[in-house]
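Working notes for the structure below.
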Amino acid sequence: MAISQEDLRTVMDRGVAEIIDRNEFRKLLDRDKPLRLKMGFDPSSPDIHLGHTVGLRKLRQLQELGHKVMLIVGDWTAQIGDPSGVSATRPVLTHEQVQENAQTYMTQFFKVVDRDRTEVFWQSEWFGKFDLADVVRLTGPFTVAQMLAREDFRRRWDANRPIAITELLYPLLQAYDSVVVESDVEFGGTDQKFNLLMGRELQEMRGQRPQQCFMVPILVGTDGVQKMSKSLGNYIGVDDAPEEQYGKALSLPDDLIIPYFNLLSDLPTAEIDDMSSAMEGGANPMEFKKRLAREIVATFWSEEDAAAAQAHFEQTVQRGEAPDEAPTLWFARSDGVSGAVAVSSEQGGAKTLVSLSTVEFLYHHHAELGLSQSRTAAKRLVSQGAVEVDGQPAGDTLSLRDGSVVRVGKRRYLRLLEDRS
RNA sequence: GGAGGGAUGGCGGAGCGGCCAAUCGCACCAGACUGUAAAUCUGGCGCCCGGAAGGGCUUCGUAGGUUCGAAUCCUACUCCCUCCA
């Protein structure tokens, strides 16, 4: 398959941590047959964030060169829990949860990867009929020492911390997947190295050409320090709303702008380099960051959504105005009382609504405002000066009109409108 | 089979009879500052009453008990972990 020099560089160098074996992989790209690209996931926590998309984008690039993705739903390995990284005991998932998580995952997965060039497998297709003889045959050739070669096993072993036998099984199951789908290349983060190499080994034992291992770098999270992860809260989710993604992207430390462009956008490398030197020359990073944020939103949503998210950001954060689409609290004049809002007087055509008190208002409308249902919490907000009405700090009692906007903290708004219908 | 350690707020982790609604870190919320929802600083962070001072109620695996008083002591139970074999 003919591949341009530029594509080749993009595929093999941009956003790549390590390829084993690099030369082999290079040769495979020149073959006529589409490559079988393997990518597995455990349906244990279904949300995909930007950190995952670094690898997914690679898959996409290769799909566009004509190759095919084998997506493996790890419904068996999910039972075990990947010991890579943190070794917390995971709750065993029910069949329904697994199904559900897998669906969520795939919906997000296919925001980046081309569904038409993807084949989906479930581990249960083969492990469902595995018997003890198969297990013995699978585990037989491996030794404990081999397993202890892996860093996290080794560490726990040395520290006398428990290692479950099923955990040792994990890499083997993953390796077996490679045999079943006859994977040519398996993708994963650098933390997957051991598991990926296991696949190579097992394939060779079973008379297959060993897969290449393609490792992508771990993405640094929005805090600029630790790797992006949901549990650390420094992530941008694929499924986050456009404004959410945009806002989170803008909160990135400036020195992450360039790496993010490299790993998460299709902008030509030359253009990225230009930005880099422009910033070194004193250009305001804000503009580039906005561009980055737009790129990100557009990847997962659309250009229009990206533009809207930017407008939203500029309006609410930079200018501190209420968003157009603030939740609305409708009140009926005839009610007299709607929730905690009471119509108290009408002067010169403009009705004035007066709440019982600011605290009561927040308490009664906690749902619309996204607050917790607690008077104490509402009181705290009031005493902290977090409440304002139409741009003016609110006192102990609110004075509201048709069209008033109540703002709580930086990001919560509630618009009051009379229901004239 | 034997010996030992442990279960505390969303998480991690102090406390080991009154000064504990419970140190501290993370997360979270608010304020200030900022190009930024970052960083930093300040404050807050069980529920309820009160303008406030303050008061009340429910929490430290579960169930009982000792005590004027228990997250802290005792008993039983449940679960987790480590070491020896």
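Bear in mind the structure is a predicted one, so any value in this text is a computation, not a measurement. Lettering of chains follows the sequences in order, A, B, ..., and the numbering in each one begins at 1.
G6(B) and G54(B): their C1' atoms are spaced 39 Å apart (whole Å).
Nucleotide A30(B) holds its C1' atom 15 Å from the CG atom of L369(A), rounded to whole Å. Atom-to-atom, CD of E314(A) to P of U36(B) comes out at 12 Å; the value is rounded to the nearest Å. The separation between K289(A) atom NZ and U36(B) atom P is 10 Å, rounded to whole Å. The NZ-C1' distance, from K379(A) to C29(B), rounds to 18 Å in whole Å. The OH atom of Y235(A) sits 12 Å away from the C1' atom of A27(B) (whole-angstrom rounding). To the nearest angstrom, P of A30(B) lies 10 Å from CZ of R407(A). When the P atom of A32(B) is taken as reference, atom NZ of K410(A) falls 6 Å away, rounded to whole Å.
Residue V317(A) has its side chain nearest to U36(B) when only U36(B), G35(B), A30(B) are considered.
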- Heavy-atom contacts, protein to nucleotides 38-48 of chain B, under 4.0 Å, summarised as B (base), S (sugar-phosphate only) or - (none) per nt, yield S----BSS-SB
- Task: Take E186(A) and N195(A) through the test side chain to side chain donor-acceptor pair (under 3.5 Å) and record every step on the way to the result.
- Result: CA-CA 10 Å; E186(A) 180 164 2; N195(A) 295 352; over 6 Å; no
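Smallest separation of non-hydrogen atoms from V382(A) and G395(A): CG1-O, 4.5 Å. In terms of heavy atoms, I72(A) sits closest to V181(A) at CD1-CG1, 3.9 Å. Looking at every heavy atom in both residues, T222(A) comes nearest to K248(A) through CG2-O, 4.1 Å.
Along RNA chain B, the nucleotide closest to L381(A) and the one closest to G247(A) are compared, and the more 5′ of them pairs with L381(A). Mapping F313(A) and V387(A) onto RNA chain B via the closest heavy atom, the residue that lands nearer the 5' end is V387(A).
Figure legend. G1(B) is base-paired to C84(B); pairs are counted as Watson-Crick or G-U wobble with both atom distances under 3.5 Å.
For the residue pair Q192(A)/Q174(A), the side-chain donor-acceptor check at 3.5 Å is satisfied.
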